[in-house]
> 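After the structure tokens below, expect a handful of questions from me.
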Amino acid sequence: MTQPPKPSGSTFPSPKGEVSLVILISGNGSNLDSIIQAINNNKVHHATIRAVISNRPNAYGLERAAQQGIPAICLDHKQYENREAFDNALLEKVQSYQPDLVILAGFMRILTPGFVRSLIGKLINVHPSLLPKYQGLNTHQRAIDAGDLEHGCSVHFVTEELDGGPVIAQAAVKIDSTDTAQTLESKVRKKEHKLLPLCIQWFSLKRLTMIDNVATLDGANLASQGQRPTDDVLDDM
Ligand code: GAR
């Protein structure tokens, strides 16, 4: 018999030792869903999602969160005068949940340096390329156009440099001659759904930190391209 899902978004305060997560999204929220599932299936321990915040009112991820009883909040960036004003409001909302870790899971806005500095070492992002290749948008098509044989995704700490903070981990996929941007995106996204929860698990077990702009896992500095977990490790998530 399947167990009913464990509610991910309980109320304050966090149970002792639990890591509080706030997740920022802009759209579908499939990565959000993978985090919810990983927590419900005990693949990510000692972590509770305190809130999901979207900058777009119609983001389907908000529904996913609400269905799980997680506070689902929209701060529509169009309602703010400028980027600073939006980021100040976003920061205030995020900080109100006292997060240990803030996860950009398909959050499609450039953040101001002030926002990033306030959360330094607590802010991670999933990006659909093997960084430092293909920062920014249209990563799948760019990898195909370049004739690359492999592509993938990265999870990295966020710093003031766009898509440039220290990489925590990467997962690669082969590019086949028949791949289109859509098929490649779908292959990469499946990897994201394993890689991001794995990095959150490392963080919640206190194995992962960023000190002086260097990411460390189990006390050792990570290489510039982070960890490349084996398929076995990813498949177990
Ligand atoms: C993901 O593929 C993520 O890597 C990408 O947005 C998608 C969101 O999908 N993020 C970026 O491109 C950030 N630079 P989801 O809403 O289904 O999780």
Side-chain angles (χ1 to χ4, degrees), residues 8 21-40 44 49 51-68 70 72-77 83 87 90 101-112 115-116 119 123-144 150-173 175 179-200 225-226 229 234 237:
S8 302
L21 310 178
V22 169
I23 302 181
L24 305 188
I25 60 163
S26 296
N28 180 30
S30 69
N31 277 285
L32 163 68
D33 188 56
S34 75
I35 300 166
I36 293 171
Q37 297 312 324
I39 292 174
N40 288 347
V44 170
I49 304 173
V52 170
I53 306 174
S54 169
N55 66 307
R56 293 199 184 125
N58 57 354
Y60 179 59
L62 287 174
E63 267 181 54
R64 294 185 195 264
Q67 279 163 15
Q68 297 287 323
I70 301 168
I73 296 139
C74 174
L75 285 188
D76 183 353
H77 66 271
R83 194 173 288 280
D87 276 17
L90 180 63
L101 184 64
V102 179
I103 301 152
L104 307 180
F107 186 70
M108 303 306 283
R109 274 186 69 82
I110 294 173
L111 292 161
T112 52
F115 183 98
V116 172
L119 292 169
L123 187 58
I124 65 172
N125 178 43
V126 59
H127 182 76
S129 78
L130 297 171
L131 291 168
K133 278 189 161 184
Y134 313 125
Q135 298 167 340
L137 300 174
N138 302 322
T139 59
H140 310 296
Q141 190 61 54
R142 286 158 69 199
I144 291 172
E150 69 165 16
H151 183 47
C153 54
S154 307
V155 176
H156 65 95
F157 280 106
V158 177
T159 61
E160 289 176 45
E161 194 190 333
L162 179 66
D163 295 331
V167 175
I168 299 162
Q170 295 187 325
V173 300
I175 301 182
D179 268 323
T180 62
Q182 285 72 30
T183 60
L184 194 52
E185 178 179 60
S186 133
K187 289 201 285 195
V188 168
R189 196 152 298 157
K190 283 197 184 111
K191 294 286 183 189
E192 293 180 8
H193 294 166
K194 304 289 182 179
L195 192 69
L196 183 56
L198 178 65
C199 294
I200 296 168
Q225 291 191 296
L234 291 177
M237 287 307 294

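If you read the sequence from its start, that first residue is 1, and numbering goes on from there. We count ligands from 1, going down the list as the structure has it; atoms in each ligand are counted the same way.
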> Measure the shortest side-chain to side-chain distance between L195 and V126 over non-hydrogen atoms and say whether it is less than 4.5 angstrom.
no

> For ligand 1, what is the set of protein residues having any non-hydrogen atom at a distance below 4.0 Å?
N28, G29, S30, N31, G106, M108, V126, H127, P128, R189, E192

> Please tell me whether H140 and H151 have a donor and an acceptor in their side chains that are separated by less than 3.5 angstrom.
yes

> Using the side chain to side chain contact (heavy atoms under 4.5 Å, CB included) definition, which of the options L123, I124, N125 pairs with H156?
N125

> Using the test salt bridge (charged side-chain N to carboxylate O under 4.0 Å, His left out), find all partners of D163 that sit at least two apart in sequence or belong to another chain.
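Not a single residue meets the salt bridge (charged side-chain N to carboxylate O under 4.0 Å, His left out) criterion with D163.
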
> Using side-chain heavy atoms (C-beta onward) and a distance below 4.5 Å, is R83 in contact with I110?
yes

> For T139 versus G136, what's the shortest heavy-atom pair and its separation?
CG2-O, 3.5 Å

